[in-house]
Number of protein chains: 2
Amino acid sequence: MPPHLDRASPLYLQIAHKLEQRIRDDIYPIGTLLPTEAELVSAFQVSRYTVRQAIDQLKRNGTVTARKGVGTMVNTKGNDWRTRFRGQSRHDLFDFSRDSELHFQTKTEVIARQEIAHEMGITTGRAFTYAAGLRYFKGEDLPFCWNEVYLDESVAEVLQGVDVLRKALFHMVESYTGERIASIHQELSPVQLTADLAGKLMLPTGSLALRMTRRYLSSRGRLLEYAIQTLPAERFSYRTVLSAGEPGT
Amino acid sequence: MPPHLDRASPLYLQIAHKLEQRIRDDIYPIGTLLPTEAELVSAFQVSRYTVRQAIDQLKRNGTVTARKGVGTMVNTKGNDWRTRFRGQSRHDLFDFSRDSELHFQTKTEVIARQEIAHEMGITTGRAFTYAAGLRYFKGEDLPFCWNEVYLDESVAEVLQGVDVLRKALFHMVESYTGERIASIHQELSPVQLTADLAGKLMLPTGSLALRMTRRYLSSRGRLLEYAIQTLPAERFSYRTVLSAGEPGT
DNA sequence: ATGAATTTGTACGTATGTATA
DNA sequence: TTATACATACGTACAAATTCA
């Protein structure tokens with residue numbers, strides 16, 4: 001056990017965190033190469049396997065990119081998904097909650113049967129609170145999204161008495177349970193508006209829209225929340241910037 | 001080298017693909033556990049390290065989740081096709097390019113005029129090489145994507161003599177210029193297939209699809225590459241996994 | 001409640017392949 | 001061609017979480 005590391009958490013995570021820290025501190029500036037794996041091995045006094053696991057962490061969230069024969073380049077500082085998830089522009093789907101309001105129209109108790117259970121990726125028979133409504137950007141008259149939510153009964157209480165939602169629901173769930181949402185599985189597909197939805201959104205039937213589903217999983221893999229958003233193309237575009245460095249650098 | 005595997009691509013990817021295939025075929029149904037790592041080792045006749053790398057691949061795109069002492073559970077089978085894509089980082093684009101092949105059908109020199117220049121966000125009159133073709137997952141017969149690319153004339157040379165593209169184009173651009181792509185602006189919208197495109201993709205006219213555009217900008221803000229992908233909903237779903245912490249915790 | 005068996009997670013060593021400069 | 005640096009792949013061992021007798 002190298003002296004600068006402890007046994008409290010895996011070595012590769014400690015090293016990954018140290019590397020991220022150094023990137024944030026501009027010890028490894030954006031656009032430069034990290035020390036080679038061999039150098040990191042001798043610097044940290046661990047095996048190459050462990051160094052590679054640490055670097056894998058950074059690759060996974062886009063912080064660095066490796067190229068054979070060249071090295072591992074720093075792309076960006078800090079890439080916490082929780083920041084991305086909230087703090088983006090109004091046109092970024094990652095951030096609904098801060099600039100928009102969800103006005104519920106219906107709220108009922110349901111049992112997940114065949115199709116919906118399959119769609120959620122769970123076994124049939126589990127109880128959920130289903131709530132749905134229109135989502136508006138603050139200060140605008142036209143809704144830009146039809147929003148449906150299934151909340152596991154163990155956390156359904158957070159929606160009680162809520163008619164207008166102004167915060168991220170999954171965040172409320174985290175506060176309620178005291179447990180972090182471990183992962184969010186998000187999926188996007190194209191759809192056409194049904195007559196019913198078109199009416200609610202005040203658009204022609206058959207208009208093109210994006211359908212985004214999100215599955216919020218606990219650390220034990222339990223589905224706590226399932227959300228479906230239908231976003232008409234005329235009122236929304238999904239834009240993201242991938243792993244940009246600092247502007248102008 | 002186990003007899004059922006070749007050396008064309010890494011063993012762990014071949015195994016990952018086989019596992020995904022079996023999940024799609026309901027050999028490993030949703031909600032059940034995969035065979036244990038030890039069983040997969042003897043089934044595939046590779047080391048445990050290789051098996052774990054294959055499973056890591058499935059974990060990364062959310063297909064499975066593993067728990068110590070329990071096993072690796074199947075989460076989702078994703079659309080009957082091998083169609084997952086994490087759109088979060090440059091690294092995801094590398095993976096995407098490695099698993100698929102782009103077969104060019106046309107290649108011409110063009111000048112960006114009114115509409116397309118506006119779409120690209122540049123001034124009119126700049127010269128580009130335009131190339132377009134169908135993209136296939138390796139080993140599959142049906143294309144899953146119509147792929148168009150505009151390459152700035154300063155880097156157009158990288159496409160010369162290339163009929164089948166197996167690497168990330170922007171990566172080749174980076175190697176060619178020695179300069180890093182600073183940011184990638186991505187946009188997604190729903191569309192319906194035109195008769196022309198439907199013919200190429202062998203799908204009914206009017207089928208729903210995702211249209212994804214990407215603008216690759218140099219560090220000085222110059223547009224070096226503009227790519228448009230039309231992805232039929234039946235063959236592709238856009239999926240992202242936002243994970244809070246580290247695997248296994 | 002305890003302990004053994006099972007299963008994934010972490011970590012080390014070593015060797016060879018492949019892309020790049 | 002040679003050297004460099006990351007990528008893949010084998011082996012081994014022990015730790016940690018879970019399950020079950």
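To find a chain, count down the sequence lines: A is the first, B the second, and so on, and within it residues start at 1. Nothing here was measured: the structure is a model prediction, and the numbers come from that model.
Judged by distance alone, with hydrogens and angles left aside, B:R48 brings a side-chain donor or acceptor within reach of the base of C:dG9, the pair sitting under 3.5 Å.
Nearest-nucleotide mapping onto DNA chain C: of B:D56 and A:S47, the residue sitting toward the 5' end is B:D56. Each of A:T50 and A:V70 lies near DNA chain C, and the nucleotide nearest A:T50 is the one positioned closer to the 5' end.
To the nearest angstrom, C1' of C:dG9 lies 8 Å from CD of B:E37. For the pair B:K68 NZ and D:dA15 P, the interatomic distance rounds to 12 Å; values are reported in whole Å. Whole-Å rounding puts the A:Q53 CD to D:dT8 C1' distance at 15 Å. For A:Y12 and C:dG9, the OH to P distance is 9 Å, given to the nearest whole Å. To the nearest angstrom, P of D:dT18 lies 14 Å from CG of B:L33. Note: CD1 (B:I55) to P (C:dT10) measures 14 Å, nearest angstrom. Taking atom CG of B:L11 as the reference point, atom P of D:dA7 lies 17 Å away to the nearest angstrom. C:dA11 atom P lies 8 Å from atom CD of A:Q14, rounded to whole Å.
At the phosphate of C:dG9, OP1 or OP2 sits under 4.0 Å from a side-chain N or O atom of B:R52. In terms of phosphate contacts, B:Y49 brings no side-chain nitrogen or oxygen within less than 4.0 Å of OP1 or OP2 of D:dC10. Between A:K59 and D:dA7 there is a side-chain polar atom (N or O) within less than 4.0 angstrom of OP1 or OP2. OP1 or OP2 of C:dT7 has not a single side-chain nitrogen or oxygen of B:T72 nearer than 4.0 Å. Between A:T36 and D:dT4 there is no side-chain N or O to OP1 or OP2 distance below 4.0 Å.
In this structure, the separation between CD on B:Q229 and CZ on B:F144 is 7.0 Å, given to the nearest 0.5 Å.
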Worksheet entry | Criterion side chain to side chain donor-acceptor pair (under 3.5 Å) on A:Y176 and A:E157, from CA distance to verdict | CA-CA 9 Å; A:Y176 180 79; A:E157 207 180 308; 3.0 Å; yes
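Judged by distance alone, with hydrogens and angles left aside, the side-chain atoms of B:D25 form no donor-acceptor pair with the main-chain N or O of B:I27 at under 3.5 Å.
Relative ring orientation between B:Y226 and B:Y150 is described as tilted, the plane-to-plane angle lying within the 30° to 60° band.
Note on A:R52 versus A:E37: salt bridge recorded, some NZ/NE/NH1/NH2 to OD/OE distance being below 4.0 Å.
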